[in-house]
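Only one structure is covered here, and it is reproduced in the block below.
Remember, it's a predicted structure, so these values are computed and weren't measured experimentally.
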Amino acid sequence: QVQLVESGGGLVQPGGSLRLSCLASGFTLGYYSIGWFRQAPGKEREGVSCISSFDGSTYYADSVKGRFTISRDDAMNAVYLQMNDLKPEDTAVYYCATPLVPRVKMGSNWSQPSTYRTWGQGTQVTVSS
């Protein structure tokens, strides 16, 4: 069974850091691009970051550039999102997702939820003092 499971969310003060994990089961994650999305209450789901399986390219939303870093560990079948200098506006449920198409080249479509076929259940990140 193909599955993605996120973890690592929690409550953190502004300026703090968290590392989110996305663990895959039922498939070899290294062959597939992985995206991170977030959704705050009353807002649309937005693309945060993506790592491409095609060429290793990484993509970031302007709002998180310089603060968030995406990485993968194929041995662990995992993708991580290191989030530094967190702000209250980063508060949201964070999801990882995959198009589940091997070696697909990601472009401007990386941030579109419709690009992705399989989603995790999400992990809550709350940034508050």
Would you say the side chain of I51 lies within less than 4.5 Å of the side chain of W36, judging by non-hydrogen atoms?
no

Taking only residues two or more places apart in sequence, or in another chain, which ones meet Q3 in a side chain to side chain donor-acceptor pair (under 3.5 Å)?
none

F27 meets the ring-ring contact (aromatic ring centres under 6.0 Å, His included) criterion, sequence neighbours left out, with Y32

Can L18 be reached from L4 by stepping across I, L, V, M, F, W or Y side chains whose heavy atoms are under 4.5 Å apart?
yes

Is there a side-chain contact (heavy atoms from CB on, under 4.5 Å) between S128 and L11 once you walk through the steps?
CA-CA 7 Å; S128 175; L11 173 64; 4.2 Å; yes

Which residues satisfy the side chain to side chain donor-acceptor pair (under 3.5 Å) test with Q112, sequence neighbours excluded?
none

Ignoring hydrogens and angles, tell me if any N or O in the side chain of R103 forms a donor-acceptor pair with the backbone of Y31 under 3.5 Å.
no

Nearest atoms (heavy-atom pairs only) where V125 meets M83:
CG2-CE, 3.9 Å

Residues L23 and A78: closest non-hydrogen pair is CD2-CB, 3.3 Å

Is there a side-chain contact between L86 and F68 in this structure, where contact means two heavy atoms from C-beta onward sitting under 4.5 Å apart?
yes

Would you list the pairs meeting ring pair (Phe, Tyr, Trp, His ring centres under 6.0 Å) in which at least one residue belongs to residues 70-102, sequence neighbours left out?
none

Pairing residues for C50 by the disulfide bond (SG atoms under 2.5 Å apart) criterion, not counting sequence neighbours
none

Side chain of T28, backbone of G30: donor and acceptor closer than 3.5 Å?
no

What one should report as the nearest heavy-atom pair of P14 and S129 is CD-N, 3.7 Å

Are the side chains of L81 and S49 in contact, using a 4.5 Å heavy-atom criterion?
yes

Find the distance between OG1 (T58) and CZ (R72) and round it off to the nearest 0.5 Å.
11.0 Å

What residues, two or more places apart in sequence or in another chain, satisfy side chain to side chain donor-acceptor pair (under 3.5 Å) together with S17?
N84

V64 and R38, any side-chain heavy atoms less than 4.5 Å apart
yes

If every non-hydrogen atom of S111 is compared with every non-hydrogen atom of P113, which pair is closest and at what distance?
O-CD, 3.4 Å

Return the minimal non-hydrogen interatomic distance between I34 and C22, and the atom names on each side.
CG2-SG, 4.5 Å

Just to verify, what does R67 make a salt bridge (Lys or Arg N to Asp or Glu O under 4.0 Å) with, not counting sequence neighbours?
D90

Should we count CD of E44 as having more than 12 external heavy atoms under 6.0 Å?
no

Between L29 and A24, what is the shortest heavy-atom contact and its length?
CD1-CB, 3.3 Å

Looking at E6 and C96, would you say the former's side chain and the latter's main chain have a donor-acceptor pair under 3.5 Å?
yes

Suppose we screen for side-chain contact (heavy atoms from CB on, under 4.5 Å). Which residues come up paired with T91, at least two apart in sequence or across chains?
Q124, T126, V127

Is it the case that one hydrophobic cluster holds both V79 and V2, taking links as side-chain heavy atoms less than 4.5 Å apart, direct or via other members?
yes

Salt bridge (Lys or Arg N to Asp or Glu O under 4.0 Å) against D85, all qualifying residues, sequence neighbours excluded
K87

Within a strict 4.5 Å, meaning less than it, do heavy atoms of the Y59 and S108 side chains meet?
no

Proximity of F37 and W119 rings by center, below 6.0 Å
yes

Partners of K43 by salt bridge (Lys or Arg N to Asp or Glu O under 4.0 Å), sequence neighbours excluded?
none

Which residue pairs pass the salt bridge (charged side-chain N to carboxylate O under 4.0 Å, His left out) test with at least one member in residues 109-129, sequence neighbours excluded?
none

What residues form a side chain to side chain donor-acceptor pair (under 3.5 Å) with T69, not counting sequence neighbours?
none

